[in-house]
There are 2 protein chains.
Amino acid sequence: MRKLGTRHENLDRKVYRELKSMIVDRKLKPGDKILQEKISQEFGVSRTPLMCALKKLEQEKLVQAIPRRGFYVRRFTKEEVLEAFELREILEGLAARRAAMIVTAVQADRLRAFFRDADVSDNGQSIKRYSDEDRRFHNFLIELGGFDLLNDILENYNIIAVSYRIDVMEGLVRHPRETLPEHRLLIEAIASGKPDLAEKLARQHFARSRQQLLQEMEQEKARQIGRPAAGKPRTFKAPQQEQGQ
Amino acid sequence: MRKLGTRHENLDRKVYRELKSMIVDRKLKPGDKILQEKISQEFGVSRTPLMCALKKLEQEKLVQAIPRRGFYVRRFTKEEVLEAFELREILEGLAARRAAMIVTAVQADRLRAFFRDADVSDNGQSIKRYSDEDRRFHNFLIELGGFDLLNDILENYNIIAVSYRIDVMEGLVRHPRETLPEHRLLIEAIASGKPDLAEKLARQHFARSRQQLLQEMEQEKARQIGRPAAGKPRTFKAPQQEQGQ
DNA sequence: TTAGTGTTTTTTGCATACAATATTCAATCT
DNA sequence: AGATTGAATATTGTATGCAAAAAACACTAA
């Protein structure tokens, strides 16, 4: 009998996961410098696996590496969030189509359980719960598509996570009251095996959010022009977003 | 005056690039074990940056890591190639649409220069040249779309490279004679700023290749069933493709 | 004050060292 | 012979050490 899997997990993987969730959960904030010595002590590992984890996160664009200077938690621009939505529109559209084509009865049941007793009231608690379920739902949808590569891409690029980087309503672009019926229609389309409809609904869902986002961005821009210099030009801990490599 | 960029490039990046091109160029073949000591000596660096580079390549799925056993050059399955095409269909479709919307006159000229004097004869030399131009064309198309995230994803996941992993005609699925007119139509649609048409043509282009590929796979399968045990069950250097984690 | 300079302290990037685990291979037993 | 055990060897994963670069600090001169 061969012990195939080797359940050993390398340290850099653990550190990677830990660090990633710290970033996603905002325990490390955008612009923060990542002090290797500090973090590695905190995690009880040496700098070697931490370094490795950081390089992986760099590839995913969660952190920005500046040679000889260090790693910083990355700040996403509005444009990037918008791009993420644009990608999700087509990618999740595709996932929805495929999901509808290959969904099993059991999966359909699990799908229908989403948002079954959703609470669309306005208090923070409910919004948070809805937002969480929203994420779970979209993740499950991707999974249902059975598209390994796609799954991986969305995960590794945090495309979904990035989409929740809006500063209002727990990252939701539109109010649950507005999205709930869309979610329910989409669920039904997939569960009852209607690929064309599923894709159309999924895309519509994102297109609307994107439009809303775009509109907000325009408004914000207009406001900024109206009241230009909002205080002194602040100095950040973080280096200027010199994006490129 | 501040020396902003810091033109220093870390070793792991160099190693990463070097290694990647070795894999893409088949100097390291699928299934090969990557001997860290050997490679690091060959590159004149220690194992630390090599390790880092390998972990990055693992994330991109170019190599497979098995804890405590090592790194192996990954083997792509037909299914993965097919998935790559499916993704390219929608992603490049989107890129083509956006390209058509924002293309400048200069870019249009550069675009029209592609395949200008393409040679569609049957000899290996010509096929190779066409295949190379095909890659360059598609890369340029993505670039034109001006979609940073998308650009990055296609690059990092080697989605385009993977697509050329077919064993015939320098990785081309269909003969230049067949694809050349499609390329020309697509070029014209983008260059003359017709988003809808461009997207439609781009998708059609891939849909056809995908169909062709699918057909070949079916044929192959049929052949395999007709003549089942083709020799003894070979033993490979590589571990059995136990893909997942 | 502010700008500029030299010095100290931190931090990074990498090589190396070492323990833990795999692998190989020879010796032994059926 | 073929299977099984156990030592010898190789390889991996990680910690540590160190030189070079960057940042922080202190001091001087305008």
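Numbered from 1 within each chain, the chains take letters A, B, ... in sequence-line order. Just so it is clear, the model here is predicted, and its values are computed rather than measured.
- Between B:Thr48 and C:dC14, a side-chain N or O to OP1/OP2 separation shorter than 4.0 Å is absent.
- Looking at A:Phe137 and A:Leu111, their side chains come closer than 4.5 Å, going by heavy atoms from C-beta outward.
- What separates CD1 of B:Ile39 from P of D:dT11 is a distance of 13 Å, to the nearest Å.
- The interatomic distance linking A:Asp12 (CG) with D:dG13 (C1') rounds to 9 Å, in whole Å.
- Electrostatic pairing of B:Arg110 and B:Glu143 does not count as a salt bridge here, judged by no charged N lying under 4.0 Å from a carboxylate O.
- Rounded to an integer number of Å, the gap from A:Arg13 CZ to D:dT14 C1' is 16 Å.
- Contact check, B:Lys33 against D:dT12: a side-chain N or O comes under 4.0 Å of OP1 or OP2.
- A salt bridge links B:Glu42 with B:Lys38: the distance from a Lys NZ or Arg NE/NH1/NH2 to an Asp or Glu carboxylate oxygen falls below 4.0 Å.
- When distances are taken from the side chain of B:Phe71 to each of C:dC14, D:dG13, D:dT14, the shortest belongs to D:dG13.
- C:dG13 atom P lies 18 Å from atom OH of B:Tyr16, rounded to whole Å.
- Exactly one residue among A:Phe206, A:Phe85, A:Tyr164 makes a ring-ring contact (aromatic ring centres under 6.0 Å, His included) with A:His138. That residue is A:Phe206.
- Under 4.0 Å is where a charged nitrogen must lie from a carboxylate oxygen, and between B:Glu220 and B:Lys78 at least one such pair does.
- Atom C1' of nucleotide C:dT12 and atom CG of A:Leu54 are separated by 12 Å, given to the nearest angstrom.
- Within the nucleic acid shown, B:Glu37 has no heavy atom closer than 4.0 Å to any nucleic acid atom.
- Spacing between atom CG of A:Asn10 and atom P of C:dT21 amounts to 12 Å, rounded to whole angstrom units.
- When heavy atoms are screened at a 4.0 angstrom cut-off, B:Leu50 is found touching no nucleic acid atom at all.
- Atom CZ in A:Arg69 sits roughly 16 Å away from atom C1' in C:dG13 (whole-Å rounding).
- Atoms CE (B:Met51) and P (C:dA17) sit 18 Å apart, rounded to a whole Å.
- With D:dG13, C:dT12, D:dT11 as the choices, the nucleotide that has an atom nearest any side-chain atom of B:Arg68 turns out to be D:dG13.
- Between A:Arg47 and A:Leu11, it is A:Leu11 whose nearest contact on DNA chain D lies nearer the 5' terminus.
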